[in-house]
Amino acid sequence: MSKIDEVRDYELFIGPNHPGISGNFSFKMKLQGDKILSAKTDAGYLHRGFEKLMEERLFIQNIAIVCRICVPDPDPNENNYARAIEEIAGIEVPERAKWIRTLVLELSRLASYLFGIGGHVATTGLYAFSNWTIADRDRIMELFEELTGGRVYHIYQLPGGVRRDFPDGFERRVLEVMDYIESRLGDYDDLAINNALFIKRATGIGVITKEQAIKWGVTGPNLRACGVAADVRKDDPYEVYDKVDFEIPTRTEGDAYARTIVRRKEIEQSISIVRQIIDKIPAGPVWNKIPNPLKWKVPAGDAYVRTESSKGEYAYYMVSDGGRNPYRVHVRGASTTHGVHVLENLLAGSRIEDASQIMFSLDACPPEVDR
Amino acid sequence: MNVVLWIIFLPIILFVIGTFMLGYSRKFIARIERRYGPPIQQVFYDIFKLMNKKTNISHGWMHDFAILMLLGGTLLTMYFIPVPGFSYFAQYGDVLVIMYVLLIPALGMALGVGETANPNGSIGISRALMMLAGYDIPFFLTFIGMAMLNNTTSMLDLIHLQQAGGIATWGIITNPILGVAALIALQGMLGEKPFEVMVAPHEIATGPMTEMGGKYLGIMMIQHAIGVVIELTIYINLFLGGAVNWFEYIVKLFVLFTLLLSVNAVFGRFRTDDAVRFMWKIPLPLAIIGVLFIIF
Amino acid sequence: MSENNKGSILKPFRALKFIGEKPVTIRTPFENRPTAPRYRGFHVNDQEKCIGCGTCAEICDNDAIRMIEIPGLEPEVGSSNLRPAIDYGRCCWCALCVDVCTTNSLNMTQEYTHVSEDLNTFFMFPDTEGIHKTDFPLGYQASDDSNFLDLERVEMEELSPEERGDSFIEIVKGYSKEQAIAEASRCVACGLCTDTCPAHMNIPEYIEAIWDDNLSEAGRQIYKTNPLPEVCGRVCTHKCETACSIGQRGEPIAIRWLKRYAMDAIPAEQYGDVNNFRVVKPLGKSVAIVGSGPAGLSAAYYLRLMGYDITIFEKYPEPGGMMRYGIPEYRLPYDALDKDINYIEEVGVEIKCNTTIGKDIPFEDLHRNFDSVLIATGFHVGRSTRVPGTDHKDVFQSIDLLSKITRGEEIQVDEKIVVIGGGNVAMDIARSLARKQKVKYGKVNIIVTSLETRDIMPADDEEIEEATEEGCVFYPGRGPVEIVIEDGKIKGLKTNRCLSVFDEQHRFSPKFDENDIKLLEGTMIVESIGQGPDMSYLDTYTDKIEMDGRRFKVNEFYQTSIEWLFAAGDIIKGPDVINGIAVGHKAALGIDKMLENKKDLFYNTIFDVLDKSLKFEEGCRKSSSKFAGKFSPVVNNMITDLTVKSKDLEERIKKLIQNENVLIHLDKKLKRPQEAGYFERCIAEEALADTTSEKDFLKNMERKTRVAFGLYHDLEKLTKNKELEFLFGYLKAQKKKQLEKVEKLLQK
């Protein structure tokens with residue numbers, strides 16, 4: 001490095017407590033003026049040791065902690081955990097429970113998308129939009145509170161089905177909320193999605209080409225924004241996704257704006273799926289009883305299950321040795337690639353004002369990275 | 001005697017108006033965001049709390065001095081701008097003096113923030129100075145234009161001329177091009193979106209204010225309150241016919257501010273270079289055209 | 001949206017329309033935000049319904065619930081004096097405790113706000129009103145949608161009435177392994193059964209061992225308090241099942257059948273290994289026991305383990321007392337009884353049958369030749385109603401007939417028989433006679449009559465039902481007046497209706513309706529209204545012993561007023577086998593205390609047992625290290641390795657116990673007092689000779705490791721502190737690994 005570079009380049013530590021980072025995460029960046037030369041992620045602030053905690057607890061006790069691994073979108077965790085045990089132990093799930101689970105997953109996806117788009121637009125300074133989406137997301141949180149008893153941590157899906165059935169009038173309220181969100185989409189488009197300033201800021205930022213995406217293991221809406229129509233719900237259907245109709249929107253530019261457009265379009269798809277579910281859901285029991293959970297041994301075996309969360313492909317690998325506790329549970333968070341490897345590559349060469357936008361448009365969620 | 005009273009009380013009066021305007025701005029934006037917003041007197045509470053905090057870290061005497069320079073520069077500008085009932089110094093200072101003195105607060109902040117070792121602050125300040133280059137030139141040109149149009153550089157005369165002639169002689173009617181250019185530059189001067197790049201919490205953790213805490217932040221907020229009022233006042237005096245009494249003054253302040261806030265609420269931030277480019281692409285040519293208009 | 005969207009500048013201004021609209025946010029605390037009906041908020045607990053089983057504390061994954069003793073709350077059958085208290089700093093409101101509650105007393109409200117500067121107010125005791133005593137509506141409640149407990153029992157297969165009506169084959173078929181494991185998995189290990197059992201058997205521990213398919217551990221746990229498990233596994237009155245918390249909303253765990261399964265599955269040869277039996281320190285003192293019923297056998301077993309020489313004197317030809325001569329074979333087959341008694345003889349107890357004290361050997365000889373005497377002769381004399389006609393030759397006592405049937409002697413079986421009595425013994429004789437009638441005449445004609453009406457009949461419900469299935473006809477609520485005799489033959493029993501059995505002071509004082517007469521036809525009458533003792537063998541001592549009413553006066557250890565004389569069994573406290581066993585065990589402790597002048601019979605705090613365990617470990621280390629280098633390299637490596645690990649474990653324990661922070665929160669009391677004698681026996685060392693072979697050394701090491709494993713397993717269950725529970729669980733796992741290593745070496 002020449003003398004001038006030594007003087008000109010400086011190191012910036014964007015630390016865990018920063019409005020430009022979604023969660024507790026930090027970067028060590030080398031900058032030259034406004035330009036980022038290289039960035040190194042520094043994860044671990046949110047490591048809570050879930051995988052080890054799960055080994056020390058009974059199978060039933062773990063349902064209270066798995067939802068905390070990803071905060072904005074907790075339901076794929078519960079779904080993966082329950083399905084992994086069901087696969088290992090050979091437990092059947094009643095039909096109605098599968099439909100309810102799909103409904104919960106889609107509502108969670110909606111809430112997470114609203115949160116995510118709001119976050120992305122807020123990094124460009126348009127706070128009105130993010131305030132709107134947070135307020136509208138609250139309606140979905142109220143639905144969850146009604147169904148499961150908790151707004152954010154639902155603790156609702158367990159091996160064998162779900163814990164409770166719909167309360168009275170629930171279907172009607174779900175449809176009301178769906179109508180409401182659909183009516184808001186026009187306002188969203190006017191304010192932000194079609195806002196000239198936002199388009200100017202978001203296009204061309206954090207471009208991922210198709211080859212790079214596949215090489216780096218990008219999944220979810222980020223991958224679909226690069227032109228690859230890949231979705232676990234279509235490629236490897238689980239629950240009742242093979243019984244509802246929906247499309248996979250894609251874009252080809254692979255920049256931040258394309259990713260937000262993909263998420264915006266998937267909101268419409270999710271609303272349609274929720275409506276179909278309410279329409280078609282069969283009657284029946286909601287739980288196939290597991291034996292007394294204090295004395296329940298899951299037979300030895302292993303299972304790898306995956307779901308499509310709002311951030312990408314979310315997977316659990318569970319190994320049981322025939323005992324009361326899981327022997328090993330490994331969580332593959334969807335942001336494991338996005339938040340570390342992809343971010344480092346995209347940040348190098350971009351400018352500091354776009355750093356935050358790149359992270360939010362990738363919807364990288366540090367709790368998933370750190371577990 | 002009267003003058004001495006004005007000298008003492010004018011800052012306080014403008015400070016009070018300024019904080020109420022800031023409080024009003026928070027409520028207004030909150031309503032667009034579909035929430036209630038904090039109470040109007042929240043800015044008072046904030047400043048009061050901040051001024052009561054103990055300062056643990058010192059960045060040197062230069063830093064402290066610079067912050068005072070920030071406030072001092074704004075106060076100095078304030079005295080030169082005529083307000084209803086007080087134009088003592090305005091007789092001696094004209095538009096050009098105001099232009100110079102307006103630069104002092106920005107320089108003061110640059111000095112002060114430069115003393116802290118935080119790169120966030122440095123980035124913020126460099127952006128602020130770049131923006132200064134962006135909006136100051138069109139603004140300056142509009143000043144020149146209005147002065148040329150009315151053959152006087154004294155703001156007081158400009159006001160009297162507009163008041164004497166009624167609404168038809170308001171600067172914005174006689175020379176709309178200059179008025180629009182000045183309006184856009186004013187948005188930049190106020191630091192409202194889409195020109196808010198200096199503060200940018202998501203990118204540089206609030207920029208210059210990163211290392212400011214306690215009393216420093218309190219002083220910066222006081223400066224911001226007064227600064228908003230005087231910058232709006234400049235525009236009102238040049239283009240909206242000044243104000244005869246305090247009531248008209250305050251009404252015009254709020255109406256102008258509301259207009260600017262509306263733009264603030266529905267747009268995001270420009271990047272620094274985009275902002276400067278925008279400033280040089282739109283207000284600057286408009287200002288030039290406006291001036292040419294006047295010349296020819 | 002098209003691909004090349006440039007966007008618009010003016011459209012965003014449409015957002016300004018919201019300036020006039022009402023905001024969507026709620027300004028708490030000025031505006032109220034209603035919670036959903038299913039919200040998981042703070043807990044409430046119906047104190048009347050709650051039984052203090054502790055299942056909520058068991059399933060809480062943050063260890064937020066502690067069971068605390070409530071002053072003034074008395075434990076009852078099926079309900080303890082503990083109640084849950086919740087630490088809201090740890091609770092995560094997952095509601096698993098609500099879904100697993102055995103009585104559905106724990107629920108959640110819709111309240112979720114608590115603000116306080118005092119940390120101690122976050123430890124809350126949920127009662128019926130809620131923590132702030134404001135009437136918040138209920139939120140998340142237990143529901144049948146997801147009820148975690150298994151409420152239905154695994155059915156036990158039994159012979160049908162047709163199959164069993166004419167033979168004395170055992171009715172109950174027993175559990176298979178899958179059935180036993182399925183039934184054992186229903187248990188929530190609350191421990192209410194242990195509190196109710198007269199012998200305080202470690203029921204949750206052996207049920208868990210059965211569930212874990214670790215039958216030798218089950219046997220060890222059972223034998224700690226009960227040396228006659230084959231018997232109890234068939235005929236016990238199972239008060240534990242009445243107390244079972246699962247029984248609150250469903251069917252109680254089949255504890256008796258599980259005990260039977262575990263003991264049936266262990267062959268008799270392995271009993272010694274299972275119990276790790278060895279008499280380490282013979283004391284040179286002897287005890288005589290009169291009577292080989294459950295009390296006598298139990299006292300004999302435990303005294304023998306303590307090192308005494310025991311001789312039992314039994315009047316009848318075979319040992320067993322009422323178990324053999326009173327309970328019919330279809331309930332308790334003789335080979336099951338023999339399996340238990342053979343093991344007691346195997347440990348070194350001498351049983352002299354056909355020896356009557358008072359006739360063959362005078363009672364005074366016992367006092368002279370033995371250091372202490374225990375009398376447990378039971379109630380073998382039947383009581384009579386003494387109504388007119390009971391001296392006829394065709395009027396029998398049930399106890400005599402049952403005894404004859406056991407001995408294989410012929411008894412008189414008429415075609416129509418009337419049995420007087422409503423207890424279990426009456427059922428026994430009625431059903432035995434029914435079988436005999438079926439064989440002899442092809443049909444059953446037995447009438448059973450009792451003073452008590454059907455609802456207060458003292459016999460077990462199952463006995464009455466099965467007797468009805470086998471053909472016995474009941475006339476409850478009637479009292480005998482006279483036996484009608486015609487031409488020297490009995491015609492039948494004249495009865496009156498019984499209006500009440502007990503008076504207001506609950507004394508036995510039956511009242512009859514003289515006008516309601518019914519003649520129950522039958523040519524043979526069997527009286528089964530109760531039994532009494534025959535204490536004639538005491539001869540001169542009868543006057544020397546202090547009486548308490550009709551029974552001897554004894555202290556808590558069943559010691560009479562004569563210092564060397566103890567009394568146990570039915571003659572002091574009945575009425576069933578398990579009470580006899582419990583009393584015999586207690587008397588054994590009393591004898592030991594008297595003879596050896598022991599001070600502390602029980603360990604009550606965690607430090608007592610921990611100190612001893614650590615000393616035991618140290619002893620093991622010392623004796624093992626003596627042999628280091630003497631055997632093959634593999635074994636030598638193992639010795640050094642184990643020595644190092646054992647030292648490391650001891651350091652860990654000491655560090656934890658001496659830690660100030662741990663000591664503050666440590667609850668030093670054990671959940672249940674541990675019998676000191678048992679503990680001492682387990683850890684008693686036997687010196688290894690220097691010339692021990694490798695195989696013997698490994699066997700000895702295996703035994704010691706298994707003992708240590710058992711100790712830590714017991715300590716894990718006895719401690720009240722979660723930290724120590726983890727520590728002991730870890731130590732237990734270490735011992736298990738060592739055990740596997742040693743066993744592998746032994747197999748080579």
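Chain letters run A, B, ... following the sequence lines, proteins first and then strands; every chain starts at 1.
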Heavy-atom donor-acceptor pair, [X] side chain to [Y] backbone, under 3.5 Å:
X      : Y      : result
C:D150 : A:P291 : no
A:K289 : C:F148 : yes
A:N292 : C:L149 : no

Starting at CG of A:L294, measure out to CD1 of C:I59 and round the result to the nearest 0.5 Å.
4.5 Å
Partner residues of C:F13 under the ring-ring contact (aromatic ring centres under 6.0 Å, His included) criterion, sequence neighbours left out
B:F267
Just wondering, are more than 12 heavy atoms of other shown residues or ligands nearer than 6.0 Å to [atom1] in [X]?
X      : atom1 : answer
C:E21  : CD    : yes
C:K736 : NZ    : no
C:E155 : CD    : no
C:Y88  : OH    : yes
C:F42  : CZ    : yes
A:E247 : CD    : no

With chain A, which of C:P23, C:G139, C:P37, C:C187 has the greatest number of heavy-atom pairs at distances under 4.5 Å?
C:C187
Could you check which of C:R33, C:Q110, C:E58 has the highest count of heavy-atom pairs closer than 4.5 Å to chain A?
C:R33
Below 4.5 Å from any heavy atom of chain A, which atoms of [X] appear? Answer side chain, backbone, both or neither.
X      : value
C:T35  : both
C:Y140 : side chain
C:F18  : side chain

Does some side-chain heavy atom of [Y] sit less than 4.5 Å from a side-chain heavy atom of [X]?
X      : Y      : answer
A:E56  : C:F726 : no
A:Q61  : C:N62  : no
A:E146 : C:R38  : no

Under a 4.5 Å cutoff for heavy-atom pairs, which residue among [options] has the most contacts with chain C?
options                        : answer
A:G150, A:P293, A:G161, A:G149 : A:G149
A:L147, A:L126, A:N62          : A:L147
A:T148, A:I290, A:L197         : A:T148

Under the side chain to side chain donor-acceptor pair (under 3.5 Å) rule, collect the residues that match up with C:E725, sequence neighbours excluded.
none
Is [X] in contact with chain C via its backbone, its side chain, both, or neither, using a 4.5 Å heavy-atom distance?
X      : answer
A:L53  : neither
A:N195 : both
A:L191 : both
A:L158 : side chain
A:P167 : both

Residue pair C:D212, A:K297: steps toward the side chain to side chain contact (heavy atoms under 4.5 Å, CB included) verdict
CA-CA 10 Å; C:D212 232 350; A:K297 285 186 183 167; 2.7 Å; yes
With chain C as the partner chain, list the residues of residues 128-143 of chain A whose heavy atoms fall under 4.5 Å from it, by residue number, and write 'none' if nothing qualifies.
A:W132, A:A135, A:E142
Inspect the contact between C:E208 and A:R324 and indicate whether a charged nitrogen and a carboxylate oxygen are less than 4.0 angstrom apart.
yes
Applying a heavy-atom distance below 4.5 Å, give me the residues of residues 94-105 of chain C that approach chain A, sorted by number.
C:C94, C:A95, C:L96, C:D99
Has C:R40 got its NZ or CZ under 6.0 Å from the middle of the six-membered ring of A:Y153, at an angle within 45 degrees of the ring axis?
no
